[in-house]
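Atoms within each ligand, like the ligands themselves, are counted from 1 in listed order. These values consider heavy atoms only, across backbone and side chains, with no hydrogens, waters or symmetry-generated copies. Note that the structure is a prediction, hence the values are computed from the model and not measured.
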Amino acid sequence: MKKPKFSENVPSHVAIVMDGNGRWANQRGLTRVEGHRAGEAALMDVIEGAIAAGVKYLTVFAFSTENWNRSPDEVKFLMNYNREVLIRRRDQLNDWNVKIRWVGRRPKLWPSVIDQLIAAEKLTRKNTGLVFTMCVNYGSRTELVDVAQQLVDDQASGKLKGKITEKTIQRYLLTKDLPDVDLFIRSSGEQRISNFLLWQSAYAEFVFMDVLWPDFNRESLWEAISQYTKRNRRFGKAVDKPKGK
Ligand code: IPE
Ligand code: IPE
Ligand code: MG
């Protein structure tokens, strides 16, 4: 499929819950981790597709704060895997002028993964193309709890003065450098947010796709963008247009 010609309202910020790796693998008689392995090519294709479509920010859910509840073997695989994907792919992403960012919490996350996330950020920090944010050990509720605690601490110490506004909250979020999500995509057919970017997606358009993540590709992304371009975002406003008048 050739890249469709989108009108000018291509979403600036696309967020994706990359879901369905385990099911993809199990359907083929493989173990869950083989599904994660197969997801890497899908991600690279989607990044290229995002660049081609003119998306400015792509944010993906790679490991949630709840994913620690999986089997120790799967967690261990995912930690090693995230680190290896970064090492394997960072030069390619750097060549594509992609700026890699990490969003997530430090507690529990393997130091070797944090090291590679930071190394990738450093390597690509001067790039001016797509901002690609990997959410690793991320959960929106803990993020908001951390914001609340930080606000209280900063008010007590006098670092923060005056009324708390939406802008104040925005400045304290882990995603403080990112704009609101325009298009929120989830693969695998599940129709839930699973604690991803709750505040940031308050006015996002949601597209749930019946494709398991390893089968997802740039065409799937473009299909979601195409649906997005047909949506009417109202942000609470209304237009009075009686039919026939
Ligand atoms: C998404 O695929 C990847 C991660 C959560 C790390 P899953 O592993 O959730 O696959 P399913 O949803 O069980 O098929
Ligand atoms: C969300 O998927 C987390 C990631 C894709 C990293 P899950 O597969 O963990 O979500 P649930 O458990 O189905 O809600
Ligand atoms: Mg899942």
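- Shown here, atom 14 (O) of ligand 2 is in close reach of the protein: a heavy atom of it lies under 4.0 Å off.
- At a cut-off of 3.5 Å, with distance as the only test, a side-chain donor of Q227 or E223 sits close to an acceptor on the other residue.
- Minimum interatomic distance between Y172 and V147 (heavy atoms only, all atoms of both residues): O-CG2, 3.5 Å.
- Proximity of A62 to ligand 1 is established by a heavy-atom distance of less than 4.0 Å.
- If you number the atoms of ligand 2 from 1 as listed, the ones under 4.0 Å from a heavy atom of S194 come out as 10 (O), 11 (P), 14 (O).
- For ligand 2, the atoms closer than 4.0 angstrom to any heavy atom of V17 are 1 (C), 5 (C).
- Between R32 and ligand 1, a contact under 3.5 Å exists for at least one N or O pair.
- Listed for the R231 side chain is a donor-acceptor partner under 3.5 Å among the backbone atoms of F206.
- Side-chain contact check for Q149 and D153: at least one donor-acceptor pair (N or O, by modelled atom type) lies under 3.5 Å.
- Annotation: G20 places an N or O atom under 3.5 Å from an N or O atom of ligand 1; distance criterion only.
- Taking every non-hydrogen atom of R23 and a distance limit under 4.0 Å, the qualifying atoms of ligand 1 come out as 11 (P), 12 (O), 14 (O).
- The distance from the CD1 atom of I164 to the CG atom of D154 is 10.0 Å, given to the nearest 0.5 Å.
- Side-chain contact, S226 with T229: no donor N or O sits under 3.5 Å from an acceptor N or O.
- Within the listing of ligand 2, atoms 2 (O), 8 (O) sit less than 4.0 angstrom from a heavy atom of D19.
- The proximity of M18 to ligand 1, defined as any non-hydrogen pair under 4.0 Å, is limited to the backbone.
- Looking at N97, its side chain does come within 3.5 Å of a backbone N or O of T128 through a donor-acceptor pair.
- Among residues two or more places apart in sequence or in another chain, the side chain to side chain donor-acceptor pair (under 3.5 Å) test is passed with R171 by none.
- Only protein N, O or S atoms were considered, and those under 2.8 Å from the Mg ion (ligand 3) are D19 OD1.
- Residue F63 approaches ligand 2 through these ligand atoms, each under 4.0 Å from one of its heavy atoms: 6 (C).
- Close contacts between ligand 2 and R192 involve ligand atoms 11 (P), 13 (O), 14 (O) [criterion: under 4.0 Å to a heavy atom].
- Counting heavy atoms under 4.0 Å from ligand 2, residue C135 does not touch it at all.
- With a 4.0 Å heavy-atom cut-off, ligand 2 is reached by no atom of F196.
- If you take CE on M18 and CZ on R186, they are separated by 11.5 Å, rounding to the nearest 0.5 Å.
- Atom 9 (O) of ligand 2 has N67 ND2, 2.9 Å as its closest protein atom, hydrogens excluded (heavy atom only).
- When each of W68, Y138, F77 is tested with F63 by the rule ring-ring contact (aromatic ring centres under 6.0 Å, His included), just one qualifies, namely W68.
- Partner of N195 under the side chain to side chain donor-acceptor pair (under 3.5 Å) criterion, out of R141, E66, E143: E66 alone.
- The protein heavy-atom contact nearest to atom 2 (O) of ligand 2 is R186 NH2, 3.6 Å.
- To the nearest 0.5 angstrom, N9 atom CG is 9.5 Å from R233 atom CZ.
- G22 N, 2.9 Å is the protein heavy atom nearest to atom 10 (O) of ligand 1.
- For the pairing with V103, the side chain to side chain contact (heavy atoms under 4.5 Å, CB included) check across L173, T59, V136, T175 returns one residue only, T175.
- Of all heavy-atom pairs spanning A224 and I185, the tightest one is CB-CD1, 3.6 Å.
- Looking only at heavy atoms of the protein, atom 7 (P) of ligand 2 is closest to R70 NH2, 3.7 Å.
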